[in-house]
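Structure first, commentary second.
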2 protein chains.
Amino acid sequence: MTAEPGGLARIVLTASIARRYYLDGRSKVEIADEFGLSRFKVARLLDAARDSGLVRIEIRHQGEVDVDLSARLQDRYGLQHAVVLDIPDDDPASLRDHLGRAAAQLLAEVITPQDVLGLAWARAVSAMARALPPLPGTPVVQLTGAMSLPGGPDTSVDVVREVASASGGAAHVFYAPFTVPDAATARALRQQPEVARAFAHLPAVTKAVAGVGLWAPGLSVLHDALPEEDRDALARLGVCADVSGVFLSADGEPVVTELSERMIGIGAEEMRAIPEVITIPYGTAKARAVRATLRSGLVGGIVTHTALARAVLEE
Amino acid sequence: MTAEPGGLARIVLTASIARRYYLDGRSKVEIADEFGLSRFKVARLLDAARDSGLVRIEIRHQGEVDVDLSARLQDRYGLQHAVVLDIPDDDPASLRDHLGRAAAQLLAEVITPQDVLGLAWARAVSAMARALPPLPGTPVVQLTGAMSLPGGPDTSVDVVREVASASGGAAHVFYAPFTVPDAATARALRQQPEVARAFAHLPAVTKAVAGVGLWAPGLSVLHDALPEEDRDALARLGVCADVSGVFLSADGEPVVTELSERMIGIGAEEMRAIPEVITIPYGTAKARAVRATLRSGLVGGIVTHTALARAVLEE
DNA sequence: GAGCAGCGCGCTCAGATGAGCAGGAGAAGC
DNA sequence: GCTTCTCCTGCTCATCTGAGCGCGCTGCTC
């Protein structure tokens, strides 16, 4: 891309050598012998070929996975796993289904019989659970309280139960709302035997799946479910993203809020203790929230689509 | 292209490693250290990436030159130089101009002050001559007699004179027709001092430019200029191509004909003695003739367009 | 639980490779 | 014509790479 290699004869010679080297897999010495050049000359011509863009190397996959974006995302944020799907992003429901399937496949690949799976509540997590094949006897732990979602069929309890029963593992569930009006109620709920039993399994969780929301109207189920004063209070504290109820600033730092006291779900430090948390964000608008999430170090995996991945990387 | 590398995580890992190796230029050992793998594992993943088509290497040029086709043509026929232009092939005149310019550039690159240039008569050779920059004092030798062509402004004499005067070299020309009605006339003409002097320079010629015709109506100026009996006689002898008056069978073998006795121009053996003869064929219909020409070993250079190059290679 | 086949993995060493250096041809300037 | 500079070319040596070999793990059979 930088400069032209030279005259016509030189360009063609370079192309010829590049073909021999890169496509036919011959060694530079062989090529040098064949063309009557020194191997150093061959090496220089090959360098020139790459520098000038005569030889172009591209990495891509014929399936849905955009391997190059996946690799860049994984690399850029030091993730354990990243999967970026090249799919149209006009229909959120279809997007969620596709990502859910991919996340299910990824989870099935990386999970071992020793793992304990944690599931937070998010629509994408439900989609994943639906597509999940039976896992090898994996116990499943509920990470967050239930939320009543208009049009959402599954509660967090249902999702955990389904996955556990398909896998033949134990289901550690509890019936409690995600948020309550005051801290005292929350404390009381957490002390309930059922809730306490489920929470006791949190430190054992080794793999988890969560959603990501941007703290703005329509981009976080939690945000939309809260009264206006809570929304504003969190926004004033600099909350940018919520990862299934864990609040993060734009830098990825956990934000301590009064609301946390009134929630029944996993906290930032507990989430950090989980070796791999996989998130399934979608929608270009959430780019800021995803950046915050990846920077936080709380999550190790991401399954998303090209538009969002590009938006995240374009910083 | 053969098989899928494996699961999602493996594919992305492979892509990540491929990116590091091919795009960032890191060594396999560095990559192995970075990813916590052995260098052998890295090597195997890279092999798999290439085999599965995840890494694709293509060779192309942003200019008019199709470097890949050029290289393949050069390689396939063991040529000294091949230049294939990716240009529209609907208008023969424009095609000829483009190829003429490219041939001129090629010739200017490869010619040295020690070279003696020979020019046969062909429309493409005229086009090349028009585009030729001044050469370093190169003597120019006329290789073929003159032909009166409807609409063709330059005779072989004119072309040779022009090039020689632009270059400041000697012009070895002669005034004689390309074909005459009987062998005796041809012999007499060849013994004329002027003709003999020009022919005496033939063995000194080191670089030459010629056209290629397919022995069929409308595809060879020589064919069209001859009476029907000559055309048929040569066709019966298996003539497939004429390289500025040198007749070749489809195999590329020179065909000895009675007509040769009646021509004032270079012969097959004299042409073979020239270290590099550059031809400028165009028009897909001539593919057979070009194949014959390249197989003959008489020529060492070709300047043509993609459609014809592809047709020639598709054997 | 023993034996066996298949396979993934790492080690070895000859051969390939790249950075740096020295010699020589050609261009520019005096 | 001479000097100097620059670019191009080929060489050396330390490092990297790849084919082949043997080990050990896994899953299957008896």
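Throughout, a chain's letter reflects where its sequence line sits, starting with A, and its residues are numbered from 1. Quantities reported herein were computed from a predicted structural model and do not represent experimental measurements. Side chains included, hydrogens not; waters and symmetry mates left out as well; all remaining heavy atoms used.
Atom CG of L37(B) is separated from atom P of dC11(C) by 14 Å (rounded to the nearest Å). Counting to the nearest Å, the P atom of dT17(C) and the OH atom of Y22(A) are 11 Å from each other. If you take NZ of K41(A) and P of dT17(C), they are 18 Å apart, rounded to a whole angstrom. Counting to the nearest Å, the P atom of dC9(C) and the CG atom of D47(B) are 14 Å from each other. Distance CG (L13(A)) to C1' (dT9(D)): 15 Å, rounded to an integer number of Å. Rounded to whole Å, the distance from CD1 on I31(A) to P on dG15(C) is 19 Å.
Rounding to the nearest 0.5 angstrom, the gap separating the CG atom in L79(B) from the CD atom in E276(B) is 9.0 Å. Here the straight-line distance linking atom CD of Q74(A) with atom CD of Q80(A) works out to 9.0 Å at 0.5 Å rounding. In this structure, CD1 on I31(B) lies 7.0 Å from CZ on F35(B), to the nearest 0.5 angstrom.
Candidate nucleotides dG10(C), dT17(C), dG10(D) were compared by shortest atom distance to the side chain of S38(B), and dG10(C) ranks first. Taking every side-chain heavy atom of R39(A) into account, dT12(D) is the closest of dT12(D), dC9(C), dT17(D).
A donor and an acceptor atom, one from each side chain of T138(B) and D115(B), are nowhere located under 3.5 Å apart.
Take the nearest nucleotide of DNA chain C for F40(A) and for E30(A): the residue whose nucleotide is more 5' is E30(A). Nearer the 5' end of DNA chain C, as judged by each residue's closest nucleotide, is the contact made by R26(A), out of R26(A) and R44(A).
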